[in-house]
Enquirer: 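Sharing a structure, written as structure tokens. Questions coming.
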Amino acid sequence: MHPHKHKFKFETKVTNRHKHTILGYTDYMIGIGAFHIHAYYGISSYCGHTHYFSGFTGFPLKTENGHIHKMDCRLESTSHHDHIFRNYTDEDIEYISQKKLHRAYI
């Protein structure tokens with residue numbers, strides 16, 4: 001399988017009377033074929049406070065036009081609360097050329 005990344009966008013569960021939108025792209029691919037995962041990380045801000053998040057996706061789940069990955073994590077605790085999110089990456093993927101991938105980590 002060629003190196004690729006997935007877009008994701010969804011909302012967290014409501015905590016402390018608000019929720020956050022999680023938006024971004026997964027990072028590099030770890031593994032091969034049906035046995036690969038992606039790292040992800042980011043920042044989500046709302047109403048004057050910020051939460052960081054990071055983690056690893058689950059293994060690929062085959063779909064009609066490709067595959068998706070489960071994302072299941074908790075935003076870092078800030079302002080005495082945190083948020084849980086459970087959702088999936090988008091099915092569409094963006095391929096990364098080997099040259100760009102190699103230069104990205106030098």
Side-chain angles (χ1 to χ4, degrees):
M1 180 170 289
H2 298 287
H4 64 277
K5 58 185 176 179
H6 296 264
K7 184 178 181 178
F8 56 88
K9 182 180 181 181
F10 47 84
E11 293 182 340
T12 65
K13 304 262 188 228
V14 175
T15 304
N16 207 22
R17 297 185 312 270
H18 71 277
K19 58 187 169 183
H20 288 257
T21 299
I22 305 298
L23 169 68
Y25 286 89
T26 60
D27 202 356
Y28 54 87
M29 185 178 120
I30 304 166
I32 58 171
F35 298 103
H36 77 274
I37 60 174
H38 298 269
Y40 61 88
Y41 55 90
I43 301 170
S44 182
S45 295
Y46 176 82
C47 221
H49 73 278
T50 300
H51 295 274
Y52 294 90
F53 63 93
S54 64
F56 294 96
T57 66
F59 287 116
L61 302 168
K62 188 152 179 56
T63 61
E64 186 176 327
N65 297 313
H67 70 276
I68 59 176
H69 295 268
K70 185 175 183 180
M71 295 176 66
D72 184 1
C73 198
R74 181 180 301 263
L75 298 182
E76 178 185 87
S77 183
T78 304
S79 300
H80 307 293
H81 72 280
D82 56 21
H83 298 266
I84 295 172
F85 62 89
R86 288 186 182 98
N87 217 311
Y88 296 88
T89 63
D90 287 352
E91 184 176 51
D92 294 336
I93 61 177
E94 182 177 322
Y95 290 103
I96 305 167
S97 76
Q98 290 288 0
K99 284 184 180 182
K100 283 185 182 177
L101 186 64
H102 178 67
R103 283 185 283 193
Y105 297 103
I106 292 179

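Sequential numbering from 1 along the given sequence is applied to the chain's residues. Predicted model, so just to flag it, every value in this text is computed and none were measured.
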Enquirer: Who pairs with Tyr52 by ring pair (Phe, Tyr, Trp, His ring centres under 6.0 Å), at least two apart in sequence or on another chain?
Expert: none
Enquirer: For Lys7 and Leu23, which heavy atoms make the closest approach, and how far apart are they?
Expert: CE-CD1, 4.4 Å
Enquirer: Decide yes or no on side chain to side chain contact (heavy atoms under 4.5 Å, CB included) for Thr26 and Lys5, but give the supporting numbers first.
Expert: CA-CA 5 Å; Thr26 60; Lys5 58 185 176 179; 3.7 Å; yes
Enquirer: Are His38 and His4 close enough that some pair of their side-chain heavy atoms sits under 4.5 Å apart?
Expert: yes
Enquirer: How close do Thr57 and Thr89 get, heavy atom to heavy atom, and via which atoms?
Expert: CG2-CG2, 4.4 Å
Enquirer: If you define the side chain from C-beta out and look only at heavy atoms, does anything of Thr12 sit under 4.5 Å from Lys19?
Expert: yes
Enquirer: Once rounded to the nearest 0.5 Å, what's the spacing between atom CG of Asp27 and atom CE of Met29?
Expert: 12.5 Å
Enquirer: With a 4.5 Å cut-off on side-chain heavy atoms, are Ile37 and Phe59 touching?
Expert: yes
Enquirer: Identify the heavy atoms of Phe56 and Ile30 that sit nearest to each other, and give their distance.
Expert: CE2-CD1, 3.8 Å
Enquirer: NE2 of His69 to OH of Tyr88: how many Å apart, nearest 0.5 Å?
Expert: 12.0 Å
Enquirer: Kindly give the heavy-atom pair with the smallest separation between Gly33 and Pro60, and that separation in Å.
Expert: O-CG, 4.2 Å
Enquirer: Considering all heavy atoms of both residues, which atom of Ser54 and which atom of Cys73 are nearest to each other, and what is their separation?
Expert: O-SG, 3.3 Å
Enquirer: Can you confirm whether Phe10 is buried at CZ, in the sense that more than 12 heavy atoms of other residues, nucleotides or ligands lie under 6.0 Å from that atom?
Expert: yes
Enquirer: Taking His67 as the fixed residue, which of Glu91, His6, Lys62 is the one that meets the side chain to side chain donor-acceptor pair (under 3.5 Å) rule?
Expert: His6
Enquirer: Check Thr21 against Ser44 and note the closest heavy-atom contact, atom names and distance.
Expert: O-OG, 3.0 Å
Enquirer: Where does the angle between the aromatic ring planes of Phe53 and Phe8 fall among parallel (under 30°), tilted (30 to 60°) and perpendicular (over 60°)?
Expert: perpendicular
Enquirer: Following the transitive rule for hydrophobic clusters with a side-chain heavy-atom cut-off under 4.5 Å over Ile, Leu, Val, Met, Phe, Trp and Tyr, establish whether Leu61 and Phe35 coincide in one cluster.
Expert: no
